[in-house]
Amino acid sequence: MNTIQTMKTTHITIYGPGCTRCTTLVCNAEEAVRTLPGRFEIEKISNPLEIAEAGIFNTPAIAINGAIVRQGKVLTVEQLRELIQDSLSHVQASTEFEKENVATCSCGCGCQRADSNSKSPTNQESKTESTPGKGLKTALLLIGFGALAVAALKQIQQEAPVEPVSTPTPVVADNSAELVYFTFGKRCPTCRRMEQWARDVAIEMGIAFVQKEADADQVNLYGLTTKSLILRDIRNGREWEKLSRIWELNRDETAYKQYVREQINAYITR
């Protein structure tokens, strides 16, 4: 009986607003796949909301089978060819590895334990640990190391100099300004964390805080490409400033909040 194998299609997506750089990347991608074996489908996405929802920070960007592999750079035909080949090789290797794991596992879960009589490291370790007295010795050693570690930590804490805590410059509350956190598309834990940090600073400094879903007009007005923090005048929504460093500082709460404080202070006192 002949077996018919279905060749999978590799999906390549180019993200960009439609500039010359984006167009060049699309052309290079089309040229690169012409000499590669297999079936390829190239899609171009220029909608800002879709770009932001995909988590793109710099355009043009390229995704292979849904995974973002490069951002902010126009790759040559040869670079794209190597990138696509590497991506497909990783997928193939992963598939083969999973098949091998399933084949060596009697229950099909991939744990690599063929049966209870196999001489696997797990079974050998279990037999070794069952030796009388060895478990007690191991426990005593662990307790001893733990006590030493606690004593060393206390000594370090006693000797370590106390760092002075810097306090933010106080600022007068301003009812004419508001801090707006614009979102659209899917939200990740980082996005929600940054929103909470911004809310904390707004409350601390006495200005209004708003979290809202951005519409098309706001995306165009503020040049939004991802979740963004905007300072704007309540009386005139077209007077605004974008806090562009929030994604750069999203792992450091202290630096993030200090940056937001400084931006608010500068905005309402100018």
Side-chain angles (χ1 to χ4, degrees), residues 2-103 110 182-191 194 214-229 242-251:
N2 294 328
T3 302
I4 300 176
Q5 295 183 345
T6 304
M7 185 176 294
K8 293 184 178 180
T9 300
T10 300
H11 298 276
I12 299 174
T13 309
I14 308 294
Y15 295 89
C19 61
T20 304
R21 286 160 52 83
C22 305
T23 303
T24 301
L25 185 60
V26 171
C27 294
N28 289 351
E30 292 173 344
E31 181 65 27
V33 300
R34 285 196 182 99
T35 56
L36 292 176
R39 295 169 54 184
F40 298 89
E41 181 180 280
I42 297 178
E43 179 184 12
K44 294 166 281 187
I45 293 181
S46 57
N47 186 313
L49 293 177
E50 292 186 56
I51 294 174
E53 186 173 354
I56 305 296
F57 301 115
N58 296 307
T59 56
I62 181 170
I64 299 177
N65 290 332
I68 306 297
V69 293
R70 198 70 87 245
Q71 296 187 47
K73 186 176 181 181
V74 179
L75 302 178
T76 65
V77 174
E78 185 59 34
Q79 288 173 329
L80 283 165
R81 190 178 293 117
E82 292 178 2
L83 188 66
I84 296 168
Q85 287 176 325
D86 288 344
S87 178
L88 296 180
S89 297
H90 288 319
V91 171
Q92 180 65 25
S94 177
T95 303
E96 292 176 357
F97 178 74
E98 290 174 359
K99 288 180 179 179
E100 289 176 2
N101 282 347
V102 172
F182 282 109
T183 64
F184 42 85
K186 296 179 181 178
R187 301 193 63 190
C188 65
T190 299
C191 166
M194 292 197 303
D215 57 28
D217 291 338
Q218 291 159 341
V219 167
N220 293 328
L221 174 61
Y222 300 119
L224 306 180
T225 57
T226 186
K227 288 76 173 176
S228 302
L229 194 58
K242 187 175 182 179
L243 279 64
S244 57
R245 293 187 60 206
I246 60 171
W247 283 95
E248 173 189 337
L249 303 173
N250 72 79
R251 295 180 182 274

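We use all heavy atoms of the structure for the numbers below, so side chains are in, but hydrogens, waters and symmetry mates are not.
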**Student:** Are any side-chain N or O atoms of N65 and backbone N or O atoms of H11, one a donor and one an acceptor, separated by less than 3.5 Å?
**Tutor:**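 Flag set: sc N65 to bb H11 pair under 3.5 Å.
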**Student:** Can you name the closest pair of heavy atoms from N47 and L49 and give their distance?
**Tutor:** OD1-N, 2.8 Å
**Student:** Just list the side-chain donor-acceptor pairs under 3.5 Å for residues 12-27, sequence neighbours left out, or say none.
**Tutor:**
residue	atom	partner	partner atom	Å
R21	NH2	G72	O	3.2
T23	OG1	C19	O	3.0
T24	OG1	T20	O	2.8

**Student:** With sequence neighbours left out, what residues match Q85 under side chain to side chain donor-acceptor pair (under 3.5 Å)?
**Tutor:** none
**Student:** Output all residues satisfying salt bridge (charged side-chain N to carboxylate O under 4.0 Å, His left out) with E50, sequence neighbours left out; order by chain, then residue number.
**Tutor:**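 Per chain and number, E50 pairs via salt bridge (charged side-chain N to carboxylate O under 4.0 Å, His left out) with no residue.
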**Student:** Check step by step if side chain to side chain contact (heavy atoms under 4.5 Å, CB included) holds for R251 and L249.
**Tutor:** CA-CA 6 Å; R251 295 180 182 274; L249 303 173; over 6 Å; no
**Student:** Please examine the side chains of L83 and I62, heavy atoms only from C-beta on, and report whether any two atoms are closer than 4.5 Å.
**Tutor:** yes
**Student:** I need the minimum non-hydrogen distance between A63 and I68, along with the two atoms involved.
**Tutor:** CB-CD1, 3.7 Å
**Student:** Where do S87 and I64 come nearest, in terms of heavy atoms and distance?
**Tutor:**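 Closest approach of S87 to I64, heavy atoms only: OG-CG2, 3.5 Å.
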**Student:** Decide if atom NZ of K242 counts as having more than 12 heavy atoms of other residues, nucleotides or ligands within a radius under 6.0 Å.
**Tutor:**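 Counting other residues, nucleotides and ligands, NZ of K242 exceeds 12 neighbours.
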**Student:** Does I42 form a side chain to side chain contact (heavy atoms under 4.5 Å, CB included) with E30? I'd like the steps, not just the answer.
**Tutor:** CA-CA 7 Å; I42 297 178; E30 292 173 344; 3.6 Å; yes
**Student:** Just by modelled atom types, is the T226 backbone N or O under 3.5 Å from a matching donor or acceptor in the S228 side chain?
**Tutor:**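 Checked: pair present.
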**Student:** Considering all heavy atoms of both residues, which atom of A61 and which atom of N58 are nearest to each other, and what is their separation?
**Tutor:** CB-O, 3.8 Å
**Student:** Go through Q71 and T59 one step at a time and tell me if the side chain to side chain contact (heavy atoms under 4.5 Å, CB included) criterion holds.
**Tutor:** CA-CA 6 Å; Q71 296 187 47; T59 56; over 6 Å; no
**Student:** What side-chain donor-acceptor pairs closer than 3.5 Å can you find for residues 73-80, not counting sequence neighbours?
**Tutor:**
residue	atom	partner	partner atom	Å
T76	OG1	Q79	N	3.1
T76	OG1	Q79	OE1	3.4
E78	OE1	R81	NH1	2.7
Q79	OE1	T76	N	2.9

**Student:** Keeping N250 on the side-chain end and I246 on the backbone end, is there a donor-acceptor pair under 3.5 Å?
**Tutor:** no
**Student:** Please round to the nearest 0.5 Å and tell me the distance separating atom OH of Y222 and atom CG of D217.
**Tutor:**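 Y222 atom OH to D217 atom CG measures 10.5 Å (nearest 0.5 Å).
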**Student:** What's the separation between atom CZ in R245 and atom CG in L229, rounded to the nearest 0.5 Å?
**Tutor:** 13.5 Å
**Student:** I'd like to check the ring pair (Phe, Tyr, Trp, His ring centres under 6.0 Å) partners of F40; sequence neighbours left out, ordered by chain and number.
**Tutor:**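 Ring pair (Phe, Tyr, Trp, His ring centres under 6.0 Å) list for F40, sorted by chain: empty.
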**Student:** Which atom pair, heavy atoms only, marks the closest approach of K227 to C191?
**Tutor:** CG-SG, 3.6 Å
**Student:** Return the CD1 to CD1 distance between I51 and I45, rounded to the nearest 0.5 Å.
**Tutor:**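 Between atom CD1 of I51 and atom CD1 of I45 there are 8.0 Å.
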**Student:** Could you pull out all residues at least two apart from E31 that satisfy salt bridge (charged side-chain N to carboxylate O under 4.0 Å, His left out)?
**Tutor:**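 Here the qualifying residues are R34.
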